[in-house]
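Basis for what follows: all heavy atoms, side chains included, without hydrogens, waters or symmetry-related copies.
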Amino acid sequence: MATFLYRLGRFSFRRRRLVALLWVAVLAACAFAAAKAPTAAEDGFSMPGTESQRAFDLLDQRFPGQNSNGADARIVFVAPEGQKVTAGANRAAVEKVVANVAGGPQVKGALNPFDMAGAISKDGRTAYSTISYDVQSIDLTDATTKALEDAAEDGRKAGLTVELGGSALQADAELGGTTELVGIAAAAVVLLITFGSLAAAGLPLLTAIIGVGVGVASIIAIGMSTTTTTLAMMLGLAVGIDYALFIVSRYRTERAEGHDAEEAVARAVGTAGSAVVFAGLTVVIALAGLAVVNIPVLTKMGLAAASTVVIAVLVAMTLLPALLGFFQRAVLPRGSRGSSGSGRRARNPRAGGTDAAGPRLGTRWARFVVRRPLMVLVLGILGLGLVSVPALDLQLGMPGDESQPTSSTKRRAYDALADGFGPGFNGPLTVVIDAKASGDRKGAAARAAKELTGTDGIVAVTPPAFNEAGDTAVLTAVPSTGPSSSDTTDLVRTIRDEAPGLKSETGATMLVTGTTAVNIDVSQKLSDALVPYLALVVGLAFLLLMVVFRSLLVPLKAALGFLLSVAAAFGVIVAVFQWGWLADALGVEQTGPVMSMMPIFLIGVVFGLAMDYEVFLVTRIREAYVHGERPGQAIVTGFRHSARVVAAAAVIMIAVFAGFIGMSDSMIKMMGVGLAAAVFFDAFVVRMTIVPAVLALLGDRAWRLPRWLDRFVPQVDVEGERLGRSGPTAVPTDAAETAPDPVRV
């Protein structure tokens with residue numbers, strides 16, 4: 001591995017103009033293809049194998065043309081205190097708003113609240129109108145949404161309180177744009193502080209942006225929707241900066257060791273590049289493993305993000321060495337940019353990361369851990385265990401409009417409906433009766449409606465509405481509790497438990513769906529997939545790390561440390577978003593269950609990043625050990641060369657993820673808090689505290705592989721041991737072949 005990458009890095013350095021032009025051409029081609037690609041349809045949130053999905057499929061089959069996935073909007077009207085919406089002027093204003101919306105583009109239907117049963121509250125102050133559209137929310141035009149907002153504003157001018165809800169309104173804040181800019185700015189500051197050179201700080205940013213550009217453009221060009229690019233953009237930027245950061249740092253070290261630019265680039269790619277390849281593979285495994293959940297949209301997001309990580313690795317292996325050829329001395333510290341030709345340079349201890357000017361903080365910390373490993377290990381585990389305690393109270397759910405900020409019209413519409421009609425009105429259940437096999441179809445539907453009415457927790461049931469064939473009916477049941485309440489979850493399970501009895505008596509099948517039921521099924525499916533996903537990802541990564549480090553104990557330690565950091569991150573999430581600790585400071589409007597997708601996302605993303613730090617840090621330690629240093633000294637040497645860079649990479653990650661905390665959407669905010677906390681715990685507590693303590697306690701045993709297993713595990717030489725002191729002997733080194741392109745350096 002190291003020899004192959006050594007040659008690749010050397011080739012990219014020598015043919016830097018060709019390599020750079022090829023990447024520019026690839027980026028241009030992908031951008032052109034993305035620009036010409038038709039707008040992709042919105043990814044439907046299908047969940048094969050769930051009752052909610054079976055009900056949706058049945059509705060699409062038995063009610064053709066209804067487009068159950070079409071966008072919808074709900075206009076909520078509230079009369080002033082002491083008045084009713086049924087009063088003359090208020091009623092006229094409501095009907096005018098509904099008429100204006102009904103005449104707008106893409107509208108399939110607009111229901112007048114005065115023509116709907118149950119659309120006016122008992123006190124007469126609140127009413128609502130339901131608007132349905134022919135297309136999905138992503139396909140709504142600006143003219144359509146503006147017509148809806150303008151109609152609502154007309155109602156406000158008439159003296160009513162008018163709020164909007166439903167899927168037709170896009171989220172108030174979306175991932176992308178400003179968040180990425182904040183992350184890039186934070187990364188630039190950290191890189192500049194770390195390297196002390198504009199060129200050294202700029203190259204990781206430039207290559208990461210090019211990699212993300214190629215990846216995202218490719219995703220759009222092949223027809224994936226923009227929703228799949230969110231994770232790809234976030235991870236592509238993060239790992240792209242990290243991978244380039246480690247290679248540039250190793251290049252500077254190799255130059256300080258006395259190698260010329262070409263040799264330093266080749267060695268940096270051969271050693272640090274090997275770690276980048278295996279770190280990238282762990283991220284790809286974690287992301288591709290999302291397919292285990294069997295939710296198509298998650299599978300697409302995972303594969304799209306994995307492809308962007310692969311591109312980031314390719315960019316780091318080829319484009320970065322080429323760019324280093326153009327900035328051979330510009331990326332070096334100021335004090336080491338003296339004249340040098342193709343020969344050896346004078347060793348610069350400071351640039352190489354030695355302790356000539358006094359040991360750095362990373363070196364001093366490593367020496368402290370090596371002297372007191374047991375105490376450090378116990379304190380680290382106890383600290384993470386204490387932070388993890390709130391995770392024992394983890395409750396999963398799918399937050400809805402109730403978690404939106406109070407400044408959002410969707411949140412105000414939610415509150416108005418809850419006040420006027422009860423909390424369960426925001427989460428009605430759609431009950432589908434498949435009576436095709438029943439001898440008395442209307443009787444079966446009536447029996448189902450009667451049972452639903454008598455079920456504890458249901459406050460209202462609409463009459464059955466049959467399709468044209470008369471073999472399928474739809475009812476709406478309104479719970480007494482809100483959509484995210486555990487009581488509502490129990491109610492859905494109770495109704496589903498009653499379905500077999502209805503079928504045995506009438507031959508009709510009863511299915512429960514709707515947004516609330518879908519969210520419940522999502523939560524259950526994600527919970528069921530968590531253990532298989534963990535087993536797959538951790539198991540494959542264990543095998544990969546066993547090959548990298550030729551050890552059983554090091555991969556085992558890496559996996560256990562990851563579980564500690566994830567548990568601590570969930571402890572923070574529960575404390576903030578369920579218990580309300582620091583909720584005001586972080587702008588959390590409403591506490592409640594943790595988003596169901598959060599465990600899968602957190603495990604997948606953090607596992608990949610955690611293994612990045614593991615590979616980069618421990619590879620440097622093993623490299624020192626393989627070259628003859630004692631176990632304790634190898635830990636110190638590894639920290640001297642990599643601790644500062646790993647810390648910088650972690651700070652960049654934390655800054656990127658922390659940028660999401662300022663977003664108004666609660667789910668995005670939760671992702672920001674969880675990912676930032678997980679990276680902090682994993683990088684600084686697990687990888688830079690617990691890992692060296694464990695390695696110090698294990699000593700030589702950490703790097704041993706059973707003899708019977710050693711025969712089967714391939715030698716990949718991540719540490720570059722085969723490179724020797726002068727590179728592979730097969731690499732030509734005569735002056736004619738090694739002469740670089742004439743570039744002013």
Side-chain angles (χ1 to χ4, degrees), residues 43-54 56-57 215 219 222 224-225 227-232 234-236 239 278-310 391 394 396-398 518-547 555-556 558-567 569-570 573 593-612 614 667 670-671 674-675 678 682:
D43 290 321
F45 197 81
S46 61
M47 297 178 299
T50 64
E51 181 169 320
S52 295
Q53 188 61 46
R54 292 200 305 273
F56 273 131
D57 294 341
I219 292 169
I222 63 176
M224 287 191 178
S225 71
T227 57
T228 62
T229 64
T230 298
L231 191 61
M234 181 171 61
L235 281 184
V239 301
F278 282 97
L281 282 176
T282 61
V283 181
V284 170
I285 288 172
L287 295 172
L290 289 173
V292 172
V293 184
N294 197 26
I295 295 179
V297 66
L298 285 183
T299 301
K300 289 181 180 180
M301 290 179 68
L303 294 178
S307 66
T308 306
V309 172
V310 171
L394 177 65
L396 299 179
M398 292 292 288
V518 166
N519 290 342
I520 292 171
D521 287 345
V522 168
S523 300
Q524 186 61 50
K525 189 162 189 174
L526 290 169
S527 298
D528 293 342
L530 189 57
V531 173
Y533 177 70
L534 259 178
L536 174 68
V537 170
V538 174
L540 290 177
F542 180 90
L543 295 176
L544 185 64
L545 293 179
M546 182 178 66
V547 172
L556 179 62
L560 294 177
F562 160 73
L563 295 177
L564 280 173
S565 60
V566 166
F570 276 118
I573 291 173
V594 172
M595 180 178 62
S596 300
M597 292 185 186
M598 196 63 198
I600 292 289
F601 270 119
L602 193 70
I603 288 171
V605 175
V606 176
F607 184 82
L609 300 180
M611 294 305 105
D612 277 3
E614 176 77 14
M667 291 186 290
M670 190 180 297
M671 288 177 62
L675 291 174
D682 197 89

Subject >> Worked check of side chain to side chain contact (heavy atoms under 4.5 Å, CB included) between L675 and L602 >> reply: CA-CA 7 Å; L675 291 174; L602 193 70; 3.6 Å; yes
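- Annotation: side chain of V537 is not in contact with side chain of I603 (no heavy-atom distance under 4.5 Å).
- Side-chain contact between L556 and L560: present, with at least one pair of heavy atoms (C-beta onward) separated by less than 4.5 Å.
- Among all heavy-atom pairs drawn from S565 and A678, the shortest one is CB-O, 4.3 Å.
- Summarising the geometry, atom NZ belonging to K300 is positioned 14.5 Å from atom CG belonging to L290; distances are rounded to the nearest 0.5 Å.
- Atom-to-atom distance recorded for L287:CG and F607:CZ is 11.0 Å, nearest 0.5 angstrom.
- Nearest heavy atom pair, residue V292 against residue P532, reads CG1-CB, 4.1 Å.
- At least one donor-acceptor pair closer than 3.5 Å links the side chain of Y533 to the backbone N or O of A286.
- Here the closest non-hydrogen pair linking M671 and M598 is CA-CE, 3.5 Å.
- Annotation: side chain of F278 is not in contact with side chain of L545 (no heavy-atom distance under 4.5 Å).
- Test L530, V566, L534, L526 against P599 for side-chain contact (heavy atoms from CB on, under 4.5 Å) and you get one pass: L530.
- Closest approach of I219 and A232 over heavy atoms only: CD1-CB, 3.7 Å.
- Proximity of T308 to V239: side-chain heavy atoms (C-beta onward) are nowhere separated by under 4.5 Å.
- Judged as a side chain to side chain contact (heavy atoms under 4.5 Å, CB included), and not counting sequence neighbours, the contacts of T50 are M47, S52, Q53, D521, K525.
- For the atom pair CE (M301) and CD1 (I295), the distance works out to 11.5 Å, reported to the nearest 0.5 Å.
- Between atom CG of residue D682 and atom CG of residue L564 there is a gap of 9.5 Å, rounded to the nearest 0.5 Å.
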